[in-house]
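Keep in mind that the numbers below use all heavy atoms, side chains included, and drop hydrogens, waters and symmetry copies.
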Amino acid sequence: PLTMKAQLFETDELYLNTKVIKGKYFNGTGGRGYWSLDYVDSTGRIISSESYHKKQLMSRQKFVYDENNNKIFDIQTFDYNNPGRVDTFRFEYKYADNRIIYQFRRLSENDSTITELIENQGDTILKYQEQAFYYRPKTKKTDVFTYVYTLRYRNGLLISKEKYDKQNNTTELLKYEYFDNGRLKRRLTERIPVPEMEGAYLGGPGSDDESYKYKLDPKGRIEVFYRIINGKRYKIAVYSYETHM
């Protein structure tokens, strides 16, 4: 699979000659029964996704892309907990020298985020500032949160991402290691200052020091995904692929 020019801070893959991706999820703790179907267009982009618990449809999403393979619409057309509600996230981008320098994300009628490139050191160190706007109906005021992201690259791979929270004067630093094929091998998380209480990871086993292992098919697509924590391996997901005839 080839890496897409995804919107900021996200990476997606192009699944060439793939029609449908089926995923089965285990959460590493034996929580079975969750699975998904991702539908792929002729370019290899996921254009719709359905999630299930056993036979029950839980959610359905559609995705629309621009010519650079960036998502411009992320539409949740069904949610089991809110069956009559449709949520649409809208994205806008500005480019300079083939790099995103501005991203606008609309989360709802009154909530949005704006992310802008504020520093570029030779395309190996990039700094972005993000402002998040959240409207509070009770007070009829909009809260604004500001974050600064520092991204460091080596040989085209993201090796660290630092997120500075201006309001709380805290920093979260993520460090990444990779296999030779470019897939993520390890992720380390540091928090400054160190919180008094250790946070919990929701939705399955997680740690500030995680390693990853994959079983790949002949086309380089993931068949089995494992997360390794404190030397223990957890099976997180299994994938199968329906290809075009």
Side-chain angles (χ1 to χ4, degrees), residues 1-14 28 68-71 74 91 93-105 113-132 144-214 216 220 222 225-234 236-237:
L2 302 176
T3 300
M4 296 174 60
K5 292 181 180 177
Q7 56 265 34
L8 291 175
F9 314 140
E10 294 186 25
T11 56
D12 292 316
E13 292 181 353
L14 289 175
N68 293 311
N69 293 330
N70 294 303
K71 289 192 187 89
D74 181 340
F91 301 83
Y93 309 90
K94 293 180 182 178
Y95 279 83
D97 298 325
N98 204 34
R99 179 177 296 284
I100 296 173
I101 60 171
Y102 171 93
Q103 175 184 277
F104 171 80
R105 182 176 60 158
T113 64
I114 294 175
T115 309
E116 297 181 274
L117 180 67
I118 59 175
E119 187 177 342
N120 183 346
Q121 299 182 25
D123 287 335
T124 59
I125 301 178
L126 303 174
K127 285 190 177 182
Y128 289 89
Q129 178 170 283
E130 178 181 274
Q131 288 189 302
V144 182
F145 302 92
T146 303
Y147 308 95
V148 175
Y149 294 88
T150 302
L151 284 66
R152 290 177 169 83
Y153 293 87
R154 182 183 299 149
N155 299 324
L157 295 174
L158 178 66
I159 60 171
S160 71
K161 180 172 70 175
E162 178 183 293
K163 178 182 179 182
Y164 174 62
D165 182 337
K166 283 191 172 183
Q167 273 68 30
N168 295 306
N169 192 29
T170 59
T171 298
E172 181 183 75
L173 176 60
L174 304 178
K175 298 179 181 179
Y176 305 99
E177 299 174 9
Y178 298 87
F179 291 102
D180 291 340
N181 62 6
R183 294 214 178 265
L184 186 61
K185 180 179 182 180
R186 186 183 182 192
R187 189 210 67 198
L188 294 167
T189 304
E190 298 178 13
R191 295 177 175 84
I192 306 170
V194 177
E196 295 181 1
M197 296 183 61
E198 185 176 350
Y201 282 80
L202 302 178
S207 171
D208 284 352
D209 185 354
E210 296 184 354
S211 295
Y212 309 98
K213 187 174 182 180
Y214 314 88
L216 305 179
I222 297 174
F225 170 54
Y226 300 94
R227 183 177 285 128
I228 303 169
I229 300 170
N230 295 326
K232 185 175 181 179
R233 188 176 71 176
Y234 300 89
I236 302 300

Could you tell me if Asn68 and Tyr93 have a donor-acceptor pair between their side chains, going purely by distance under 3.5 Å? no

Smallest separation among heavy atoms of Ile229 and Ser207, with atom names: CG2-CB, 3.5 Å

With side chains defined as the heavy atoms from C-beta onward, is the minimum distance between Asn69 and Leu14 less than 4.5 Å? yes

Taken to the nearest 0.5 Å, the spacing of Asn169 CG from Ile192 CD1 works out to 10.5 Å

Any side-chain heavy-atom pair of Ile101 and Tyr95 under 4.5 Å: no

Tested for side chain to side chain contact (heavy atoms under 4.5 Å, CB included) against Tyr212, the lone hit among Arg187, Lys185, Arg183, Arg186 is Arg187

Between Lys166 and Phe145, is there a side-chain heavy-atom distance shorter than 4.5 Å? no

Indicate the atoms forming the closest heavy-atom contact of Tyr149 with Leu151, along with that distance. CB-CD1, 3.7 Å

Arg99, CZ: over 12 other non-hydrogen atoms inside 6.0 angstrom: yes

Shortest non-hydrogen pair, Pro195 vs Arg191, comes out as CD-CB, 3.9 Å

Heavy-atom distance under 4.5 Å between the side chains of Thr150 and Ile125, does that happen here? yes

I would like to know whether Leu126 and Leu117 meet side chain to side chain contact (heavy atoms under 4.5 Å, CB included); could you show each step before the answer? CA-CA 7 Å; Leu126 303 174; Leu117 180 67; 4.2 Å; yes

Between atom CD of Gln131 and atom CD of Glu116, what is the distance when rounded to the nearest 0.5 Å? 8.0 Å

Is there side-chain contact between Asp97 and Asp123, with heavy atoms separated by less than 4.5 Å? no

Going by atom types only, do Asn181 and Tyr214 share a side-chain donor-acceptor pair under 3.5 Å? no

Any cation-pi pair here, Arg227 with Tyr234, using under 6.0 Å and within 45°? no

Chi angles and distances behind the salt bridge (Lys or Arg N to Asp or Glu O under 4.0 Å) call for Lys175, Glu190: CA-CA 8 Å; Lys175 298 179 181 179; Glu190 298 178 13; 3.2 Å; yes

Can you measure from CD (Glu162) to CZ (Arg152) and round to the nearest 0.5 angstrom? 6.0 Å

Closest heavy-atom pair, Leu157 versus Gly182, reported as atoms and distance to 0.1 Å, is CD2-O, 4.4 Å

So if I apply the side chain to side chain donor-acceptor pair (under 3.5 Å) rule between Thr115 and each of Glu130, Gln129, Arg105, which one comes out positive? Glu130

Evaluate the side chain to side chain contact (heavy atoms under 4.5 Å, CB included) criterion for residues Leu216 and Ile222: first the C-alpha distance (whole Å), next the side-chain angles of each, then the deciding distance (0.1 Å), finally the verdict. CA-CA 5 Å; Leu216 305 179; Ile222 297 174; 3.8 Å; yes

Interatomic distance, CG@Asp165 vs CD@Gln167, rounded to 0.5 Å, equals 6.0 Å

Heavy-atom count around Asn168 CG within 6.0 Å, excluding the residue itself: above 12? yes

4.5 Å side-chain heavy-atom contact, Thr170 and Tyr164: no

In this structure, CG of Leu174 is separated from CD1 of Ile159 (nearest 0.5 Å) by 12.5 Å

Heavy-atom check, side chain of Thr113 versus side chain of Phe104, under 4.5 Å: no

When rounded to the nearest 0.5 angstrom, what distance separates OH in Tyr178 from CG in Leu184? 6.0 Å

Over all heavy atoms of both residues, which pair between Tyr147 and Ala132 is shortest? Give the atoms and the distance, please. CE1-CB, 4.5 Å

Any donor-acceptor pair under 3.5 Å linking the side-chain atoms of Glu119 with those of Gln121? yes

